[in-house]
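Scroll down for the structure; my scribbles are underneath it.
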Amino acid sequence: MTTTHPKLQVPDRAGARPGTGTPPFWTVRRRDNLVGYLLITPQLVGSVLFVLLPLGLVVWYSLHEWNVLAGTFEFVGGENYDRLVTDANLREVLGATALFSVGLVVLNLALALFLAILLNQRLRGTAFFRTVFFSPVVVSLVAWTIVWQFLLQDDGGLNGLLAAAGVEGPNWLRGEGTAMLSVVVVQVLKNVGLNMVLFLAALQGVPAQLYEAAELDGAGVRTRFLRITVPLISPTILLTSIITVVGSLQVFAQIAVLTQGGPGVSTTVLVYYLYQQAFQFHHFGYGATLSVLLFAIVALLTLVQWRMRRRWVFNET
Amino acid sequence: MKPFAKPAAAALAALLTLTACGAGGETAPAAQGPQPLRMTIWTSNEAHLKLFDEIAAEYRKTHPDVGEITFDPLPFESYTTTLTTQIAGGNAPDLAWILESSAPDFVSSGALAPLDDTLRKAPGYEFDDLTPSAVKLWQAEGKLYAYPFSTSPFGVFVNTDLLKEAGRKTPAEMIDEGAWTWENAAAENAAVVAGTGKAGMVVRDFDYKGWDNLATVWGGWGAQPWSEDGRTCGFDSPEMVEAMTFLHKSIFTDKAFPGPGTTADFFAGDAAMTITQISRASLLQDATFGWDLVPLPAGPKGEYSVIGQAGLGVFKNSPNAAAAADFLAFFTNPANSAKLAAYFPPPRASQLTAETLAKSNPLLKPGQLQKVVISGIEKGVVKPNHTGQAELSQTVRAALDPLWQPGADVKAVLGGVCAKIAPMLGT
Amino acid sequence: MKREIPLRLKTLLYGLLCVMCVPFVFPTWWMVTSSLKPIGEIFAFPPKLLPADWDFSAYAQVFQLQPFASQYVNSLYIALIVTTGTMAVAAMAGYAFARIRFPGQNVLFVVVLLGLLIPSEVTIVPLFQMFHGLGLTDTHWPLILVPILGAPSVLATFIMRQFFISLPGELEEAARMDGLGRFGTFYRIALPLARPALGAVAIFTFLHSWNLYLEPIVYLSSPEKFTLPQALTQFVDAYGGPMWNVQLAAASMTALPVLVVFVLAQRQFIEGLAHTGVKG
């Protein structure tokens, strides 16, 4: 992570008084280091206490058969991990998770960027529309999912609209393909406002002169978007994509309400599955094992995104 | 891996300290002074809490050794999750309400203390007054592990206005003629759907996911999801195939039940009938339509009834287990059971009379109470239950999904359910 | 400055925006209007856009049935402390990770980043064990400490790092020439410029704390200590069924003030971001 500007690199002995033979202990570099460590201390202590320590405990649980009700906690070694291989549902669950996350990320980022671009035009009333698109973020999840359940049912509002247009809509929450689509869309609509706000802020930072200059050079809308907008907002794209990927792997309350993971296990994503195993089926040890798996997957994905950032993100050279 | 070495060691150390604390808590000598009791419940209704607090206050008058008794309301949807998290975290309550669906897990786990001795010894308790059908679910090897404080039968609520509008007889009339059977009930509902455009029969809380509620239907065919001992799958039995074929035809051909992905609220006047627990009658307080409550229709195997329950148990590992069991005995003695009957139908035979119940269910007529509630509890069977119910339930739900399609092969789907759950039943 | 948009395109844009509004607005509309309907009318199908009789009694019931006012205060003060605390922690850590080079930085950043990756369901049991061991269950401490220092604040640190990294180096250089130390540069120069990014952090953090559901349920057991999302689940009738109109009234009261604050703050926040140059 070479984040400092070359000009800012301070020579080790810049603070040393000229003429004295032994440099003082507190060089600028050392003082900088100290400030750096001090500034990250609260976050680091928190991470160790509230992230690493619990995570270590989860790994520890995953080596045990833990029946919470009976109060038994027995060491079983890698047995829970063997179960990952033999679990007939897990393959489907992972497939559903991948589908859900990819669908959610693509749709969320595309819609967020689209809305942000729309609202970045010189139009009256953009503040109103901004609020509208943001509003679901603050609405209670329960109310949100209940209404959507209504709208998506077989004779619900959406199919009513489609019927008016002469199209016979599917039974959204009951069909294998449409159930996943519905869950993704409901989730996107709920949270797209946050990414939209971040994109909007980034877009407003793109200097208008750049567009004007490009236009003079005869660049079309597409070229301007791909050559100016995207590179300049790329750090925000990185930020939103990481947030959204990570968030997509943590969604489950909506799934519990809308489909309970069905039909079949087609909408059972990994976090919902581990929640079921640990809290509903009382397999805490196996739930912990699934947690470790989920963690490994998210960590890997984030690492890939992070590694790739230098290729396409501005300012991250 | 280097950065992980230290925290892992710290985690381990922390775990050891924590388990040591936990173990210490359990075996510690009884602390001085009055010991508080904590009971987790899933209601936060003001009237309920007031009644519980009154009973607790009365108990403490005669038991100065017991400190404050608190009732912790947890949200119903996440009740078992929260309770198990608290238990896992070493903060189990002294007493807890237990959901019917997790009854076998709790009863068989050894987490609960047996109650028989305490209850039998309690003066004036009349232990044998408890109806056998009500306590069955909560017993293991002849011991009672939780008290079924709420035993509520399923009945059929009927929107008589809709039936009249469609020009059909009311179920009450059909009962008098001895014609209240599933075949006829389905025909009634299909006629209402055709005649009024409203929905027919709604099995409440089923919604093509909560399949255990279908026990209120297939009971008429004598079908069971698994054998009495819980070891053999019953979904592929001829009775079940017949019952489900009837249900499938009624849903997809006759349209007597609203199809998957369609919700209709009976209590808003959108459906002709609904199968639900009788306690839902309270929703009819402001009903703008005429309604009736009747028993479940008879199936080919005759009449039957289904009850829903909730239990109250004491955690064996609680340092105050003895005091908690003693409080449970007081909380559910005949006098207090009668008070609780205002909200929760009691398991006591002597209190299952139309007069007692009428006081607490002002919306229901004595005839309705007698037919649905009293005889319902006496001969009722509970909804399907098994250890590992949540996992079984989820597996069955997923395996049944293909059934809810117009052209489904009922027999093949049910065979598939058995293939999926057989390994889980075997253990 | 961009040119005026042609009228035809403008009409098209407005049309598009209005159509897109529907799926965003309808659920909120339903929530608010249903809270004014009698309970039997709420699930009537097809749903009605306006209540037949306006019935405000649910709003009064919210306060009668639960200590809703103190629950509101709980949520508010927890969210405010968490927001302020997170802003401080995240600004410091974000600045250090973005602009100071110190040994072990990369490894430590990865350690911190781990927190971003862990769903709270995964760590709730060990965290509960820890706080129970410390005797801090049924207090607000876990709801304050974990978000400020633990996993939820990592997102904030990440946002702050992304901001500070794009700050022009010349500003800091000038500050150092003037003799400001590293901390002074951070506090006097970088932090004031970071106001918009802090705004983003504040919005994210406040909403996260405000909507926290699983943790309060697990940690808190006395109704007067409850937070709002938890309180919403507590409005049930004598038979355990949800009192929908009361729940929705409470939900509306939970959501609307936040929305109003957003309306007031958004312009400053979004335009502020633009002016200080978190240009991507």
Side-chain angles (χ1 to χ4, degrees), chain A residues 1 3-5 7-8 31-33 35-37 39-40 42-44 46-47 50-51 54 57-58 118 121-123 127 129-140 143-144 147 150 189 200-202 204-206 208 232-236 239 246 250 271 275 291 295 298-299 302 314-315, chain C residues 1-2 5 13 17 21 23-25 27-28 30-31 89 92-93 95-96 98-102 106 108 111-112 114-119 121-123 126-127 146 149-151 157 162 165-166 169 172-173 182-183 207 232 248 251 254-255 258-259 262-263 266-267 270 273-274 277-280:
Chain A
M1 214 175 332
T3 55
T4 352
H5 285 249
K7 280 183 198 162
L8 261 177
R31 258 185 277 165
D32 262 19
N33 286 350
V35 173
Y37 289 125
L39 287 179
I40 65 164
Q43 179 81 83
L44 201 62
S47 288
F50 300 135
V51 178
L57 287 169
V58 168
L118 267 186
Q121 307 303 318
R122 285 166 52 77
L123 286 175
F129 287 110
R130 248 182 247 161
T131 311
V132 164
F133 296 134
F134 186 82
S135 63
V137 175
V138 301
V139 169
S140 103
W144 183 257
V147 179
F150 256 112
L189 291 175
L200 201 52
Q204 301 216 328
V206 180
L232 283 178
I233 63 168
S234 53
T236 309
L239 176 72
V246 170
Q250 308 185 350
V271 67
Y275 174 84
S291 304
F295 174 72
V298 195
T302 315
F314 216 61
N315 261 340
Chain C
M1 278 287 115
K2 279 177 254 176
I5 301 169
L13 285 177
L17 282 171
C21 274
F24 287 89
V25 171
T28 317
W30 180 85
M31 174 180 78
V89 168
M92 295 196 308
Y95 179 82
R99 302 217 72 103
I100 305 178
R101 295 192 68 189
F102 47 89
N106 282 339
L108 293 176
V111 167
V112 168
L114 286 179
L116 191 62
L117 313 180
I118 302 178
E121 289 78 25
V122 169
T123 50
L127 282 174
V146 175
L149 297 172
T157 299
Q162 293 305 89
I165 223 168
S166 65
E172 285 188 321
E173 213 180 331
R182 195 37 113 162
F183 187 79
L207 285 174
L232 294 187
L248 291 171
T254 307
V258 183
L259 207 53
F262 176 77
V263 172
Q266 54 140 348
R267 174 171 294 247
I270 289 170
L273 267 182
V278 184
K279 339 177 162 64

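The sequence lines fix the lettering, A, B, ..., with proteins before strands; numbering per chain opens at 1. Bear in mind the structure is a predicted one, so any value in this text is a computation, not a measurement. Excluded from the calculations below are hydrogen atoms, water molecules and symmetry mates; all remaining heavy atoms, backbone and side chain alike, are included.
- Looking at heavy atoms from C-beta onward, A/F295 lies in side-chain contact with C/L114 at the 4.5 angstrom threshold.
- The distance from atom CG of C/L108 to atom CD1 of A/I40, rounded to the nearest 0.5 Å, is 4.5 Å.
- In this structure the side chain of A/V51 never reaches within 4.5 angstrom of the side chain of C/T123, judged on heavy atoms.
- The contact between C/L248 and chain A is made entirely by side chain atoms (from C-beta outward), counting heavy-atom distances below 4.5 Å.
- With sequence neighbours excluded, the residues that form a ring pair (Phe, Tyr, Trp, His ring centres under 6.0 Å) with A/Y275 are A/F252, A/F279.
- Judged as a ring pair (Phe, Tyr, Trp, His ring centres under 6.0 Å), and not counting sequence neighbours, A/F129 has no contacts.
- For A/L118, the part sitting under 4.5 Å from any heavy atom of chain C is the side chain, from C-beta outward, and nothing else.
- Taking all atoms of both residues into account, the shortest heavy-atom contact from C/A96 to A/G36 is CB-O, 3.8 Å.
- When each of A/D32, A/L39, A/N33 is paired with C/R182, the side chain to side chain contact (heavy atoms under 4.5 Å, CB included) condition holds for A/D32 and for no other.
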Take C/L149 and A/Q43 through the test side chain to side chain contact (heavy atoms under 4.5 Å, CB included) and record every step on the way to the result.
CA-CA 5 Å; C/L149 297 172; A/Q43 179 81 83; 6.0 Å; no

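- Your options are C/I118, C/T28, C/V89, and the one with the most heavy-atom pairs under 4.5 Å with chain A is C/I118.
- In this structure, the side chains of A/F133 and C/L17 come closer than 4.5 Å at one or more pairs of heavy atoms.
- Contacts with chain C were tallied for A/V246, A/V132, A/V137; A/V132 has the most, counting heavy-atom pairs under 4.5 Å.
- If you tally non-hydrogen atom pairs under 4.5 Å between each of A/L239, A/L44, A/V58, A/V138 and chain C, the highest count goes to A/V138.
- Contact record, C/F24 with A/S135: O-OG, 4.1 Å, taken as the closest heavy-atom pair.
- Nearest approach of A/S47 to C/V112, heavy atoms of both residues: OG-CA, 3.7 Å.
- Side-chain atoms of A/V139 and C/L259, non-hydrogen and from C-beta on, never get closer than 4.5 Å to each other.
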